[in-house]
Structure formats: structure tokens, C-alpha cells
Amino acid sequence: MTSITMTRPDDWHLHLRDGEALAAVVGDTARQFSRAIIMPNLRPPVTTTEQALAYREHILTAVAGAGVAAERFTPLMTLYLTNNTSAEEIRLAKASGHVYAVKLYPAGATTNSDAGVTDLLGHCTAALEALQACGMPLLVHGEVTDPGIDVFDREAIFIDRVMVPLRRAFPELKVVFEHITTREGAHYVRDAEGPVAATITPQHMLYNRNALFTGGVRPHWYCLPILKREVHREALVEAATGGSPRFFLGTDSAPHARGLKEHACGCAGCYTALHAMALYAQAFEAVDRLDKLEAFASFHGPDFYGLPRNTDTLTLVREETRVPDELPFGNTTLVPLAAGESLAWRALVDTATA
Ligand code: OTD
Ligand code: ZN
Ligand code: ZN
């Protein structure tokens, strides 16, 4: 096979930041994907519909600035759930027509999550009831934050402590278990009853935790939830490439300036937006399942969210392409995942669409 033309994909989990960082990265996503779920973990976080709509305008301006026509890319906004999010705020979000989900960050679980939730069923039942009633998905960063729990076990323990009680209390609530990283996460989503799905990142399909320590500490492979053992990577590949509509594409592309990654206390996050579809193609081809890529990237996400599938296409060509060592990022630079390595596929993106 030398080329694949597929329904244009969407990215169901993306960090775009704001300001100069947004301007630097948004084109990479907008040239490949038709839509993206925009994560709300800015500083301060996007907790209200009003903030989400203002942030949406920044994104649209940046898309135009990146030379991508407005109708080519739609940001699907989200709100950041806090202990104080009201049912009224959820109804306002739904009525806006631009907010598509609400994100749960357990307080302290990942980058910019200090304002997150401390006790989901203790504080957030009004918001969860409103979400369930209006059919809006809850997106979950599924890790417990208890420092006594080993960092490699935080996702598996989250299932028992938070996911199961949440879904027992709100069985009709649509839940996306974001960026699953373990066999336990993949099997929970595969086997659970009711409206539950999961996103899977390219880095968790391509690498196990050895990548963090090959020849020394490798900060550009550090993200949260952290890479796991090989058995977990294999379970994620099986989930993503197995054809189940419960699993779909979410890059979790999370840009940080080079100096903040290569640091004594480096930031978590992998930048994958530039070559996202090539990375996924690499992972699907490795298990001979390229035929399952389109459904994972372009069908299962909109089907779960209740949105139409895209009608235009994206073509990938088999062409060995070297990932750049670094990219411009405001007045600094950004190191993409797999910098300097070769990928077998390249997305044919139109760089002059405006
Ligand atoms: N993980 N980095 C970030 C977010 C994600 O948990 C996540 O969704 C980030 O930088 O915003 C990361 O490692
Ligand atoms: Zn997360
Ligand atoms: Zn994320």
C-alpha cells in the first residue's frame, strides 16, 4: 500500500494553550484534523461558558493566522469541572452550541490541575446530574492523586475508587476515559455496560516505559499518565486497532517549551500534533491493521459524541519522513515526539488553504 485516503479525522483530546503558543501550534492540528476537543487546563482554567467562548475566539483568530480557512477547522470547547461548577453553568454551556464536554481533573493529577476536583461524588453531583440530563460527555483524567499510590498504579486504582462509583451513580452519563494507558483501563472500557469510551494517544501505542530511560533520562517521552510496561502498550494497541467503537483518537498533544522539558523538574506532555496521523499509521501498520485506522480516527469519535462524521478526506502517503529536531514556539522552541526519527507515513496537508 502506498497511500491511504480516509475520511478526515478529528482529534478528541488536544491542548492548544493560548497566546503565542497557540499561534505556534494550532496550524499543525488544523491542517490534518477537521475538529478537535480543546482541553481547558489553561492558567487560569476555563471554568465558565463565557471563558470558553472567549478562548474559542482566540483559537479561530490563530487558525486564520496559521493560513487555514475558518470552515476547515472547528474547535469543540470544554469546561474545566471544579468543586463549584453549577448545574446552571452546564446548561449555559450546552445552550451555547460551542461547548461539547466537561473535563474532570482530579486536583493535582496533571499539568495545571490545581483547581481540579477533590471529591467528585461529594461536591459535583448537581453538575453531573445536569451533564447526564443534557447528554454532554464527562471527560475524565483517570488517575488517583494519593501520593501513597505508586505512579504506575494510579490509573488502575482510579477505576475502582472513582470510575466504578461514578458510573454506578450516573449510569446514563456519557463518560470518556481519556488517554488510557493500561490493560486495566482498556479492559474496563471494553467490558463496561453503558455509554463509556476511551481515547488513546500515539505515544502510548508506540512506546513503553523503557523509552523514558533509554541511554539516560528522556524528558520528551515524559507525559501523564506516564508510559507503562509493554503488556499495557500491547493492550492499548489491541483496543485501538480491534475495531470496537468505544476507542477513538485523542492525541493529548501537549506542547511545552524545550527549556521547560529539559529541566530539573520537567513538565509533562508530548508534542504530537505535527505528525499525529503518521504516528498513528506507524502504530496501526506495526500490527498489520491499517484497515482499522479510519474508523478509529474518523468514525468512533463523532459517533460517540453524537456528531456527524466528516465528509471530506485526508490522504496519507508512504514516504519516509524525518521528524524535525525542533519547531518554533513563540520566542523559544518545541521538541516534537520522536524528534530526529523517521516515520514511514506522511499526511498530505494543504499548506495554503486560506
Ligand atoms: N498530560 N501534559 C498535559 C496534559 C496531559 O493529562 C493530560 O491530559 C499538559 O501539558 O497540559 C500531560 O502530560
Ligand atoms: Zn489528562
Ligand atoms: Zn490531555
Side-chain angles (χ1 to χ4, degrees), residues 10-19 21-22 24-26 29 33 36-46 55 75-81 100-117 120 137-145 151-152 154-155 158-159 162-163 175-182 185 189 197-205 207 209 211-212 218-228 236 248-263 265-273 276 301 329 332 334-337:
D10 304 303
D11 185 349
W12 300 94
H13 186 132
L14 178 67
H15 298 270
L16 282 180
R17 318 305 190 201
D18 205 346
L22 167 64
V25 300
V26 73
T29 293
F33 297 96
I37 282 280
I38 310 301
M39 289 294 151
N41 62 331
L42 302 184
R43 280 185 197 280
V46 179
Y55 182 28
L76 308 176
M77 308 310 293
T78 62
L79 296 190
Y80 185 116
L81 186 70
Y100 287 82
V102 170
K103 180 71 190 278
L104 164 64
Y105 289 101
T110 187
T111 307
N112 297 351
S113 61
D114 309 344
V117 170
L120 183 64
L138 179 71
L139 315 182
V140 177
H141 180 107
E143 289 191 291
V144 293
T145 54
V151 68
F152 291 99
R154 288 181 185 175
E155 181 173 296
F158 182 91
I159 297 170
V162 183
M163 196 60 110
V175 175
V176 184
F177 199 156
E178 295 294 335
H179 50 47
I180 53 169
T181 63
T182 59
V189 171
T199 52
I200 303 181
T201 76
Q203 67 267 25
H204 292 102
M205 291 185 72
Y207 302 101
R209 65 193 194 179
L212 285 160
R218 301 282 190 147
H220 298 292
W221 274 262
Y222 174 57
C223 67
L224 292 171
I226 198 161
L227 295 172
K228 304 294 193 301
L236 299 172
F248 44 84
L249 185 158
T251 61
D252 200 9
S253 184
H256 290 279
R258 175 172 207 146
L260 294 176
K261 293 285 294 175
E262 299 171 4
H263 190 277
C265 187
C267 292
C270 298
Y271 187 66
T272 52
F329 191 57
T332 168
L334 172 63
V335 177
L337 185 75

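Atoms within a ligand are numbered from 1 in the order they appear, just like the ligands themselves. Scope of the values below: all heavy atoms of this structure, side chains included, with no hydrogens, waters or symmetry mates.
When each of T199, I200, L14 is paired with T251, the side-chain contact (heavy atoms from CB on, under 4.5 Å) condition holds for L14 and for no other. Among H15, Q203, H204, the single residue meeting the side-chain hydrogen bond (donor to acceptor under 3.5 Å, both in side chains) criterion with D252 is H15.
Scanning all protein heavy atoms for the shortest distance to atom 4 (C) of ligand 1 gives H15 NE2, 3.4 Å.
For R258, the salt bridge (charged side-chain N to carboxylate O under 4.0 Å, His left out) partners are E262, E326, not counting sequence neighbours. In this structure Y80 satisfies the ring-ring contact (aromatic ring centres under 6.0 Å, His included) test together with Y105, sequence neighbours excluded. Under the salt bridge (charged side-chain N to carboxylate O under 4.0 Å, His left out) criterion, D11 pairs with no residue, sequence neighbours left out.
Against a heavy-atom cut-off of under 4.0 Å, H13 is close to the following atoms of ligand 1: 8 (O). Close approach of ligand 1 to A254 (heavy-atom distance below 4.0 Å) involves ligand atoms 2 (N), 3 (C), 9 (C), 10 (O). For ligand 1, the atoms sitting less than 4.0 Å from at least one non-hydrogen atom of H256 are 9 (C), 10 (O), numbered in the order shown with element in parentheses. For ligand 1, the atoms sitting less than 4.0 Å from at least one non-hydrogen atom of T110 are 1 (N), 4 (C), 5 (C), 6 (O), 7 (C), 12 (C), numbered in the order shown with element in parentheses.
Ligand 1 lies nowhere less than 4.0 angstrom from a heavy atom belonging to Q203. Using a 4.0 Å cutoff on heavy atoms, M39 does not count as a contact of ligand 1.
When L139, L16, L224, T201 are checked for heavy-atom proximity to atom 1 (N) of ligand 1, L224 turns out nearest.
Here the protein contributes H13 NE2, H15 NE2, D252 OD1 as N, O or S atoms under 2.8 Å from the Zn ion (ligand 3).
Contacts with ligand 1 closer than 4.0 Å are made by side-chain heavy atoms of H141 only, the backbone lying farther away.
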